[in-house]
Amino acid sequence: MAIFSVYVVNKAGGLIYQLDHYAPRADTEKTFSFPLDLVLRPHDERVVVAFGQRDGIRGEAPGRAGPGRAGPGDRPTDRRRAVPAVGHAVLAINGAEVNGRFTADGKDVLEFLGNPANYPVSIRFGRHRLSSNEKLMLASMFHSLFAIGSQLSPEVGSSGIEMLETDTFKLHCFQTLTGIKFVVLADPRQAGIDSLLRKIYEIYSDFALKNPFYSLEMPIRCELFDQNLKLALEVAEKAGPFGPGS
């Protein structure tokens with residue numbers, strides 16, 4: 001069981017704090033011969049798998065693509081561009097980490113993998129790490145979904161989205177009376193998240209709001225807040241719910 005990350009979103013939908021507590025890695029490295037049997041495409045300064053699947057390397061779901069640039073291993077009928085980038089990304093080539101869409105020595109990844117002379121080649125795939133801009137965008141999107149959820153509720157005074165569940169994680173959200181949202185992403189089996197959310201609210205009140213140098217609605221940059229939040233996450237992972245006086 002694990003707690004993956006914590007987000008704090010202000011009442012306007014702006015991300016004011018984010019912590020990656022635990023990031024499980026599921027990288028896959030394989031040696032490929034030419035032609036590459038996966039379709040790659042550029043997306044947000046990185047190269048992702050747009051189509052195809054093998055050895056745990058996954059691309060986009062079928063049927064969610066449109067016309068776009070073809071990658072290595074692409075056939076004329078496979079020229080497609082999936083809308084959201086949910087597939088694996090190229091992380092390293094021949095043991096050297098890639099820098100976005102370029103190899104360690106500055107070559108374009110798609111051009112390098114499109115050259116038969118560079119094969120056989122070892123490629124490491126994995127889920128890409130979210131950039132700061134992506135985290136800001138996702139926080140804003142969740143803020144909007146939260147508001148939509150409240151409006152769609154058949155009951156008056158709905159609290160909005162409190163939990164979203166997938167097969168690999170659960171998203172838990174607690175909104176305060178002042179509109180601050182505390183969001184925790186955790187393992188589906190992790191217990192005590194409701195208590196943890198309120199504990200985070202206490203830490204926010206004690207170490208952010210009481211900090212004379214902190215301005216409301218602004219990014220939280222406080223060492224004591226960081227330290228106490230990390231301690232609370234460790235306690236939650238080991239013990240589950242918080243008891244009285246914790």
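Numbers here are sequence positions counted from 1.
Using a 30° and 60° split on the angle between ring planes, Phe34 and Tyr119 fall in the perpendicular class, above 60°. Aromatic ring orientation, Phe32 versus Phe125: perpendicular (interplanar angle above 60°, classes split at 30° and 60°).
For the residue pair Glu234 / His21, no side-chain donor-acceptor distance below 3.5 Å is found, with atom types taken as modelled. Using a 3.5 Å distance cut-off with no hydrogens or angles, the side chains of Ser5 and Gln18 do not pair a donor with an acceptor.
Side-chain atoms of Val47 and Val98, non-hydrogen and from C-beta on, never get closer than 4.5 Å to each other. Counting heavy atoms from C-beta on, the side chains of Met137 and Met141 come closer than 4.5 Å. Using a 4.5 Å cut-off on side-chain heavy atoms (C-beta onward), Val184 and Ile200 make contact. The shortest side-chain heavy-atom distance between Val9 and Ile16 does not fall under the 4.5 Å cut-off. Between Leu113 and Asn118, every side-chain heavy-atom pair lies at or beyond the 4.5 Å cut-off. Counting heavy atoms from C-beta on, the side chains of Leu164 and Leu145 never come closer than 4.5 Å. When side chains are defined from C-beta on, Leu19 counts as touching Leu233, because their heavy atoms get closer than 4.5 Å. No side-chain heavy atom of Val183 sits less than 4.5 Å from a side-chain heavy atom of Val6.
Nearest heavy-atom pair, Ala12 versus Glu217, reported as atom, atom and distance to 0.1 Å: N-OE1, 4.3 Å. Residue Ser150 comes nearest to Gly160 through the heavy atom pair OG-CA, 3.2 Å, listed as atom of the first residue, atom of the second, then distance. When every heavy atom of Leu110 is checked against every heavy atom of Pro42, the shortest pair comes out as CD1-CD, 3.6 Å.
The pair Lys199-Asp194 does not count as a salt bridge, with every side-chain nitrogen at least 4.0 angstrom from each carboxylate oxygen. Looking at Glu134 and Arg46, a side-chain N of the basic residue comes within less than 4.0 Å of a carboxylate O on the acidic one, giving a salt bridge.
Heavy atoms of other residues, nucleotides or ligands lying less than 6.0 angstrom from CG of Asn99 number 12 at most. Around the NZ atom of Lys135, the shell of radius 6.0 Å holds more than 12 heavy atoms that belong to other residues, nucleotides or ligands.
Between the SG atom of Cys222 and the NZ atom of Lys210 there is a distance of 12.5 Å, given to the nearest 0.5 Å. Note that CZ of Phe207 is 9.0 Å distant from CD of Gln227, once rounded to the nearest 0.5 Å. Taking CG of Leu40 as the reference point, atom CZ of Arg101 lies at 12.0 Å (rounded to 0.5 Å). In this structure, OG1 in Thr28 is found 12.0 Å from CD1 in Ile123, a value given to the nearest 0.5 Å. In this structure, Phe182 CZ and Ile203 CD1 are separated by 9.5 Å, a value rounded to the nearest 0.5 Å. Atom CG of Leu185 sits about 8.5 Å away from atom OG1 of Thr166, to the nearest 0.5 Å.
The side-chain tip of Lys181 points at the ring of Phe146 from less than 6.0 angstrom away and within 45° of straight on.
In this structure, the side chain of Ser140 does not engage the main chain of Leu136 through any donor-acceptor pair within 3.5 Å. Between the side chain of Asn94 and the backbone N or O of Ser122 there is at least one donor-acceptor pair closer than 3.5 Å. When atom types are taken as modelled, the side chain of Glu97 and the backbone of Thr103 share no donor-acceptor pair closer than 3.5 angstrom. In this structure, Asn10 contributes its side chain and Gly13 its backbone to a donor-acceptor pair below 3.5 Å.
Note on Phe142 and Ile148: separate hydrophobic clusters, where clusters join Ile, Leu, Val, Met, Phe, Trp and Tyr whose side-chain heavy atoms are under 4.5 Å apart, directly or indirectly. In this structure, Ile3 is not a member of the same hydrophobic cluster as Met163, with clusters built from ILVMFWY side-chain heavy atoms closer than 4.5 Å. Residues Leu15 and Leu138 share a single hydrophobic cluster, defined by chaining ILVMFWY side chains whose heavy atoms lie under 4.5 Å apart.
Here the options are Phe213, Tyr214, Tyr17, the test is ring pair (Phe, Tyr, Trp, His ring centres under 6.0 Å), and the partner is Phe225; only Tyr17 passes.
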**Request:** Start with the C-alpha gap between Glu237 and Gln190, add the side-chain angles, then the distance that decides, and say whether side chain to side chain contact (heavy atoms under 4.5 Å, CB included) holds.
**Result:** CA-CA 7 Å; Glu237 286 179 328; Gln190 179 68 46; 4.3 Å; yes
**Item:** side chain to side chain contact (heavy atoms under 4.5 Å, CB included) evaluation trace for Ile180 with Gln175
**Value:** CA-CA 6 Å; Ile180 299 292; Gln175 178 174 254; over 6 Å; no
**Message:** Using the rule given for side chain to side chain contact (heavy atoms under 4.5 Å, CB included), can you reason through Leu209 versus Leu216, listing the C-alpha separation, both sets of side-chain angles and the distance that settles it, and then say yes or no?
**Reply:** CA-CA 7 Å; Leu209 293 184; Leu216 288 175; 3.4 Å; yes
**Request:** List the steps and the verdict of ring-ring contact (aromatic ring centres under 6.0 Å, His included) for Phe4 and Phe169.
**Result:** CA-CA 9 Å; Phe4 302 132; Phe169 74 94; 7.2 Å; no
**Asked** What do the steps show when you test Ile93 against Val109 for side chain to side chain contact (heavy atoms under 4.5 Å, CB included), and what is the final call?
**Response** CA-CA 9 Å; Ile93 295 177; Val109 169; 4.0 Å; yes
